[in-house]
Amino acid sequence: MASPHRANVLVASNRGPVSYSLDEDGGLEAKRGGGGLVSGLSAIGADADSLWVCAALGDGDREAVRRGVGETGVRMLDIDASVHAAAYNGIANSVLWFVHHMLYQTPLEPVFDAEFRQQWEDFRTYNRAFADALAAEAADGASVLVQDYHLALVPGMLRELRPDLRIGHFSHTPWAPVDYFRLLPDDIGEELLRGILGADRAAFLTRRWADAFTGCCAEVLGGTGSTAIGVHGLGADADFLRARSHEKDVDGRMAELREQIGGSGDRRTIVRVDRTELSKNIVRGLLAYRELLDTRPEWRGRVVHIALAYPSRQDLTVYRDYMAEVRRVADEINSRYGSADWTPVVMHLKDDFARSLAAYRLADVALVNPIRDGMNLVAKEVPVVSDLGCALVLSREAGAYEELGRDAVTVNPYDVSGTAAALHEALTMPDAERAERTERLAAAATALPPQQWFIDQLHALAGATD
Ligand code: F6P
């Protein structure tokens, strides 16, 4: 049933801007998330008649929906938990994420069998729930911005329900090259592409991912039809980051990290900050650091690798195993090289934004070496926040490479020896050069702040259907 006040601008994403947890007494605690979309949406202000439609993700969220607790401007969908699990863990994160990031070990996977078909049905049901909610909540001619691979079928479904709407789809991931995309069963690949092409406009973080998408459409469907294709390279939020990184808790975290780094203030730091995500390539990053210590003994005792690796998608065995491997390799380096007054790898596994900012501020080198990444905002945030300038070691497979590659030390993420050499180059970069490059990196990284990124999409969407 339609709400009495229908929205003119709607955003749809699996994860919403707020989440709820149940405390011991059965009370609900709300936690607001961050990220580009949250600050992007703030650009249109509270009175713009906007609505964010998202899924209830855990027991706390579901309880909030049942109790009617919620924030103005946010509607959480209480989709059956087993349907959501199959759609999110089974299809979105285990199939679509793997395809776009090219993560399969192909001799044994993927296997598209009867179980997969069942999960695909659930994926359709989950997408249908979003399409129905958006159709009910949208005012005549409203703009709807659908986010990411989780909701790839929504534009097509919504178009059928509400031909009057302006529909955009935005992919925050890379897009697979056609030969890899074709791992998917033919009918599923077609359904996915047609789902997104239900939008008036399909947008991506870089030209490379947009081209891969149009390449798939050309090969599989013969073209993109009337759907416009756009590129919006989400940038870092400079004002927010600069202010937040000078709050008191960040100073406290810096003091803690300095103590863990040890030495007399002359040790260099290599910093990485990621979700413990298969595509982030944390293990090869550690192996490269180990090779640096192996092959260039002069760095022993003179450098510390600060690796902040926060838990992610822990419902999936492969992510839990990956996290264990990250710890194992870090421990192995520490026991091989560590001494009473030097811990070569300082690792933190608990998500702590203030500590991330503290690490950004004191980093001499930032290591961003993903196998494949839609953008990678860490690469954009570090140069903005850095106190004294930071050399960026950057994978050429990160979306951010398109804008930052010129002033980074670039690496092939699979080349561990090459990455070790890049770390050495970054560690020995002259101070003046490092400072100059950081300045240029920060300018490029902040070229399109989240609010402008969001507004540009709304404007372009209006143009796409005029
Ligand atoms: O596009 C990738 C993305 O959806 C990002 O928006 C976010 O950083 C990440 O994946 C988080 O994934 P999840 O919601 O599964 O924790």
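All of these numbers come straight from a predicted model, not from anything done at the bench. In each ligand, atom 1 is the first atom listed, and ligand 1 is the first ligand listed.
- Close approach of ligand 1 to Thr173 (heavy-atom distance below 4.0 Å) involves ligand atoms 1 (O).
- Nearest protein heavy-atom contact of atom 12 (O) of ligand 1 is Arg313 NH2, 2.9 Å.
- Applying the side chain to side chain donor-acceptor pair (under 3.5 Å) test between Gln147 and each of His172, His169, Arg15 identifies His172 as the sole match.
- Remark: ligand 1 atoms within the under-4.0 Å shell around heavy atoms of Arg15 are 13 (P), 14 (O), 16 (O).
- The pair Asp251-Arg361 meets the salt-bridge criterion, since a charged nitrogen lies less than 4.0 angstrom from a carboxylate oxygen.
- Each of Trp209, Phe213, Tyr149 was compared with Trp175 under the ring-ring contact (aromatic ring centres under 6.0 Å, His included) criterion, and only Phe213 meets it.
- Under 4.0 angstrom from ligand 1, there are no non-hydrogen atoms of Phe170.
- Which parts of ligand 1 touch Tyr88 is read off a 4.0 Å heavy-atom cut-off, strictly below it: atoms 13 (P), 14 (O), 15 (O), 16 (O).
- Remark: Asp249 engages Arg244 in a salt bridge, criterion side-chain N to carboxylate O under 4.0 Å.
- Contact annotation: for His172 versus ligand 1, heavy atoms closer than 4.0 Å belong to both the backbone and the side chain.
- By the definition of a contact as any protein heavy atom under 4.0 Å away, atom 7 (C) of ligand 1 is not in contact.
- Under the 4.0 angstrom criterion for non-hydrogen atoms, Gln147 is not in contact with ligand 1.
- Residue-level proximity to ligand 1 for Asp148 is carried by the side chain, the only part with a heavy atom below 4.0 angstrom.
- With Tyr319 as the partner, the side chain to side chain donor-acceptor pair (under 3.5 Å) test is satisfied by one option alone out of Arg275, Glu277, Gln314: Glu277.
- Phe353 and Phe240 have parallel rings, their planes meeting at less than 30° on a 0 to 90° scale where 60° marks the start of perpendicular.
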